[in-house]
> 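Have a look at this one before I ask anything.
Note that the numbering runs from 1 along the sequence shown for the chain.
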Amino acid sequence: MLDELILRAIERDGVDTVLNLAAGLDTRPYRLPLPSSLRWVEADFPDVIAYKQEQLTGERLVCAVEHVGIDLTDIGRRRALFGRVGAAARQVLVVTEGLLIYLTPPQVAALAADLAGPPSFRWWLMDLASPRLLKMLAKTWGRAVAAGSAPFQFAPAEGSRFFQAQGWQEAEFRSMWEESLRLKRTMRLAWLWNLVGRLYPKATREEFRRMSGIVLLRRT
C-alpha cells in the first residue's frame, strides 16, 4: 500500500527525493522499481543505520541512497538535515512509517512544523492510528508496551486534521481494513465482519474505517 503511493508520487507528482524518517530495516531502495535518478535519504539512530548497512552489504541498490545516523528528537540536527535535503531537491516526499505513534502530540506537532519549513517538502506519507485503536492495543498489548521504553502515545481524535495547524492537508486516506480486503490479506471471516459493519450508522462506520490507515498529506 505504501509502495503504491510512493511509486505514484514519483511518477505522477514529480518527487525526486524521498526522505524516510525512522527508516529501520526498510528495503524499498533495494526492491522497488525506482528510477535510478531518485535520491533516497534514510534517517535513523546511528546503531540502526550501522546494523542495516552491515546486513545489506553486497545487495544492489536501484537508486542513490544516503544513510544518516541521527536522533530525530534532536531538534537542531533534525532541522539541519531537513534544510540540507530540501535545498538539494525539487519535490520531496517524507515517509514516517511506524514512527508517530511513539511520539507525544507536542513532539509530532513540532516535527510537522519542521517538515513544513523547506519549500521543497511537498508530500508526507504516514500511518495513523485512532484513539479507539490505541485503547484496543492497550488491552491486548498493555503489559508489554507498559514494560517497554517506547509506549504508544499518538492517536489524535481529530485524525489528519491535527496537522492543519502546521500547514499540512490530507490529500488521501486509505483505510487499513479496506486495503486488507482489496489486497486479500485479511483475517478469516472478514466478509462477515464487513457485512455486519454495514448495519451500523454512517458515523460509526466512518469511525471504524478511520481506526487505522495510511494518510498522504500535502503542503498547503
Side-chain angles (χ1 to χ4, degrees), residues 1-72 77-102 111-112 114-128 168 170-176 178-186 212-219:
M1 180 173 24
L2 267 77
D3 292 0
E4 292 178 4
L5 292 171
I6 290 171
L7 292 173
R8 189 188 70 185
I10 294 167
E11 180 178 355
R12 187 191 72 181
D13 302 314
V15 164
D16 62 304
T17 301
V18 174
L19 174 59
N20 191 358
L21 301 180
L25 302 181
D26 178 29
T27 59
R28 288 186 177 97
Y30 296 85
R31 61 177 177 80
L32 289 185
L34 303 170
S36 58
S37 59
L38 182 74
R39 180 188 182 201
W40 189 287
V41 182
E42 298 191 334
D44 211 321
F45 290 113
D47 58 338
V48 174
I49 294 293
Y51 175 77
K52 180 175 183 176
Q53 289 179 314
E54 179 184 352
Q55 296 302 309
L56 293 174
T57 299
E59 296 295 327
R60 178 179 171 273
L61 289 163
V62 297
C63 64
V65 175
E66 177 185 349
H67 297 99
V68 180
I70 184 175
D71 179 350
L72 290 168
R77 291 195 63 202
R78 181 174 80 197
R79 289 175 177 172
L81 171 65
F82 295 171
R84 179 172 63 81
V85 171
R90 296 187 308 275
Q91 290 254 14
V92 177
L93 168 67
V94 179
V95 179
T96 54
E97 182 181 11
L99 170 62
L100 301 187
I101 197 170
Y102 295 105
L111 176 63
D114 286 348
L115 288 174
S120 61
F121 283 27
R122 304 301 304 170
W123 305 94
W124 184 1
L125 187 59
M126 66 178 69
D127 50 343
L128 192 63
W168 295 95
E170 180 181 304
E172 186 171 347
F173 175 86
R174 293 196 182 186
S175 163
M176 290 290 196
E178 292 175 349
E179 288 297 288
S180 71
L181 294 172
R182 180 178 72 89
L183 298 172
K184 295 180 173 58
R185 296 178 181 176
T186 191
S212 176
I214 299 299
V215 182
L216 179 65
L217 301 181
R218 178 177 51 229
R219 274 275 296 283

> Using the side chain to side chain donor-acceptor pair (under 3.5 Å) criterion, which residues pair with R218? Sequence neighbours excluded.
none
> Identify, with sequence neighbours excluded, every residue that meets side chain to side chain donor-acceptor pair (under 3.5 Å) alongside W40.
E42
> Would L61 and L56 count as a side chain to side chain contact (heavy atoms under 4.5 Å, CB included) if you check the C-alpha gap in whole Å, the side-chain angles of each, and the deciding distance to 0.1 Å?
CA-CA 10 Å; L61 289 163; L56 293 174; over 6 Å; no
> Using atom types as modelled, flag every donor-acceptor pair under 3.5 Å from a side chain in residues 24-31 to any protein atom, sequence neighbours excluded.
from: D26; atom 1: OD1; to: R28; atom 2: N; distance (Å): 3.2
from: D26; atom 1: OD1; to: R28; atom 2: NH1; distance (Å): 3.3
from: D26; atom 1: OD2; to: N20; atom 2: ND2; distance (Å): 2.8
from: D26; atom 1: OD2; to: R28; atom 2: NH1; distance (Å): 3.3
from: R28; atom 1: NE; to: D3; atom 2: OD1; distance (Å): 2.6
from: R28; atom 1: NH1; to: E97; atom 2: OE1; distance (Å): 3.1
from: R28; atom 1: NH2; to: E97; atom 2: OE1; distance (Å): 3.2
from: R31; atom 1: NH1; to: D3; atom 2: OD2; distance (Å): 2.7
from: R31; atom 1: NH2; to: D3; atom 2: OD1; distance (Å): 3.4
from: R31; atom 1: NH2; to: D3; atom 2: OD2; distance (Å): 3.3

> Any salt bridge (Lys or Arg N to Asp or Glu O under 4.0 Å) pairs touching residues 81-92, not counting sequence neighbours?
E66-R84
> Rounded at 0.5 Å granularity, tell me how far CZ in F173 sits from CG in L216.
12.5 Å
> If you define the side chain from C-beta out and look only at heavy atoms, does anything of V68 sit under 4.5 Å from V85?
no
> Can you name the side chain to side chain contact (heavy atoms under 4.5 Å, CB included) partners of A112, sequence neighbours left out?
W124, F163, Q166, W168
> Donor-acceptor check, side chain of R219 to backbone of F121, threshold 3.5 angstrom: yes or no?
yes
> With sequence neighbours left out, what residues match R122 under side chain to side chain donor-acceptor pair (under 3.5 Å)?
none
> Flag yes if more than 12 heavy atoms outside E11 fall under 6.0 Å of its CD atom; otherwise flag no.
no
> So, taking the atom named CG in L2 and the one named CD1 in I214, what distance separates them when rounded to the nearest 0.5 Å?
4.5 Å
> For P35, check side chain to side chain contact (heavy atoms under 4.5 Å, CB included) against everything at least two apart and list the hits.
I10, S37, L38
> Once side chain to side chain contact (heavy atoms under 4.5 Å, CB included) is applied, do any residues pair with I49, and if so which ones, sequence neighbours excluded?
D44, Q53, H67
> Give a yes or no answer on whether the side chain of S120 reaches the backbone of G86 with a donor-acceptor pair at less than 3.5 Å.
yes
> So, for L81 and A43, which heavy atoms are closest and what is the spacing to 0.1 Å?
CD2-CB, 4.0 Å
> Which atom names give the shortest non-hydrogen contact between M126 and T96, and what distance separates them?
CB-OG1, 3.5 Å
> Between the side chain of D114 and the main-chain N/O of R79, is any donor-acceptor distance below 3.5 Å?
no
> Report yes if the side chains of R77 and D71 come closer than 4.5 Å at any heavy-atom pair, otherwise no.
no
> Would you say that V18 contacts R39 through its side chain, given a criterion of any heavy-atom pair below 4.5 Å between the two side chains?
no
> Can you give me the closest heavy-atom contact between D127 and L99, atom names plus distance?
OD1-N, 4.5 Å
> Do the non-hydrogen side-chain atoms of F82 and L111 ever get within less than 4.5 Å of each other?
yes
> The criterion is side chain to side chain donor-acceptor pair (under 3.5 Å); which residues satisfy it with E172, sequence neighbours excluded?
R8, R174
